[in-house]
2 protein chains.
Amino acid sequence: MRVDAQRNRDRLVAAATAVIAEQGPAASLNEIAQQAGVGAGTLYRHFPTRESLLLEVFTSRIETLCVRARELAQIRPPGDALAAWLEAFLQHCLTDRGLAETVMKAPSGSDPDCATKLRTAGGRLVARAREAGTVRADVEVEDILQLAIGIALAADSPARAERLLSVALVGLRT
Amino acid sequence: MRVDAQRNRDRLVAAATAVIAEQGPAASLNEIAQQAGVGAGTLYRHFPTRESLLLEVFTSRIETLCVRARELAQIRPPGDALAAWLEAFLQHCLTDRGLAETVMKAPSGSDPDCATKLRTAGGRLVARAREAGTVRADVEVEDILQLAIGIALAADSPARAERLLSVALVGLRT
DNA sequence: CAACAAGCGGAGAATCTCTCCGGATGTTAC
DNA sequence: GTAACATCCGGAGAGATTCTCCGCTTGTTG
């Protein structure tokens, strides 16, 4: 990749991060391009869809969560680790409005595919908890993630989101 | 209200119902107005926001659910009635893409305020179940509705949605 | 049936997404 | 260094959409 292309890409992600933090994930792509000092065409060349841009913006969050999953797996028993990780995931979703939606709608075939990484990281925790007999065996990995995403999407306050997650966790236990 | 105004309103709702069934809840309002044989201004006079139109479109669904809540309250024990009603709610959300979102975002102050009716109807079932000691006492009415809405929003298939609801119901029991 | 109020329509302003291609700018081979 | 090439850029503009505004039409009422 040419250096100017890389620089523009970086600028776009930085501008998108700022604008989205301010206006939410439905912010104008035009404005993002302008803020980045770049033409609209450049934006669309680097990020063909809005989702691909959002995914890039949320990359650092997602990777933080992946790391957290590994940490928790080491310092906590399976059941606790899963619960703590879901809570962290929820926290991030509530902070960055749009993260949950982005992860939900993410296509599974894109290249950096952060959403898939997140699923894998969470999946390990779930698998471990299931082997340890802490969570129901008839529940798939994807179930648990979707439940967390749904809670993040529908809850109208952080307090409620946490309560709903705790309810869901009770339901997940054996 | 003048009779022509009423007629136009009816036409708009009919057209919106058809177009939304075909294109989803993000359908063009222009097209809905055109389909109704009415100017765009007329649409916006009757329904200032997209949400208000969607709410009207989903009115019959919502009222069906309110009726169902009353029926279930009579023929089933409290816990079962609530579970069955939530399942019915989920069914409707999965059928009419956009119902869940509409109910979620509905302003609580509008006049026919179907969303509030739905909350009241569901609320009675929840209250009854709580009095009977079937559901946890520390869970509010709104919690349960938001949980169901979240599941409807995030689930990627009807089968998964039902499984998630069953998990949630376990968590809600005392 | 006149006078008034209520409602209508659709042109148009403002905004947004997304495309296209002439021209500018890195990169590479010599 | 520089010529030749591939890559990338910019932003005008097409097309779509939301929403407003106001002159004109149509019901309603006494």
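Just so it is clear: chains get the letters A, B, ... in the order the sequence lines come, proteins before strands, and each one is counted from 1.
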Whichever of B:Met1 and A:Arg45 has its nearest DNA chain D nucleotide further upstream toward 5': A:Arg45

Side-chain (B:Arg130) to main-chain (B:Val139) donor-acceptor, under 3.5 angstrom: yes

Enclosure of A:Arg160 CZ (heavy-atom neighbours >12, cutoff 6.0 Å): yes

Sugar-phosphate only, base, or nothing, as touched by B:Ala5 at under 4.0 Å among non-hydrogen atoms: sugar-phosphate

Side-chain (B:Arg124) to main-chain (B:Arg70) donor-acceptor, under 3.5 angstrom: no

Side chain B:Arg61, main chain B:Leu99, donor-acceptor under 3.5 Å: no

Range on DNA chain C touched by chain A - first to last nucleotide, heavy-atom distance under 4.0 Å: C:dC16 to C:dT27

Atom pair distance, as rounded to whole Å: CG in B:Asn30 and P in D:dT18: 6 Å

Distance in angstrom units between A:Gln34 CD and D:dG11 P, rounded: 10 Å

Upstream residue (5' side of DNA chain C) when A:Arg7 and A:Ala27 are each assigned their closest nucleotide: A:Ala27

Nucleotide nearest A:Asp4 (side chain, heavy atoms from C-beta), chosen from D:dC9, D:dT20, D:dT28: D:dC9

For atom CZ of B:Arg9 and atom C1' of D:dG27, their distance in whole Å: 18 Å

Closest nucleotide among D:dC9, D:dT18, D:dT28 to the B:Arg2 side chain: D:dT28

Toward the 5' end of DNA chain D, by each residue's nearest nucleotide, B:Arg50 or A:His46: A:His46

Separation of D:dT17 C1' from B:Leu53 CG (nearest whole Å): 15 Å

Euclidean distance, atom CD of residue A:Glu31 to atom P of D:dG11 [Å, nearest integer]: 16 Å

Any donor-acceptor pair under 3.5 Å from A:Thr59 side chain to A:Leu55 backbone: yes

Enclosure of A:Arg7 CZ (heavy-atom neighbours >12, cutoff 6.0 Å): yes

Short side-chain donor-acceptor distance under 3.5 Å, A:Gln34 and A:Asn30: no

A:Asn8 side-chain N/O to D:dC8 phosphate OP1/OP2 under 4.0 Å: no

Spacing of B:Glu51 atom CD relative to D:dT18 atom P, expressed in whole Å: 12 Å

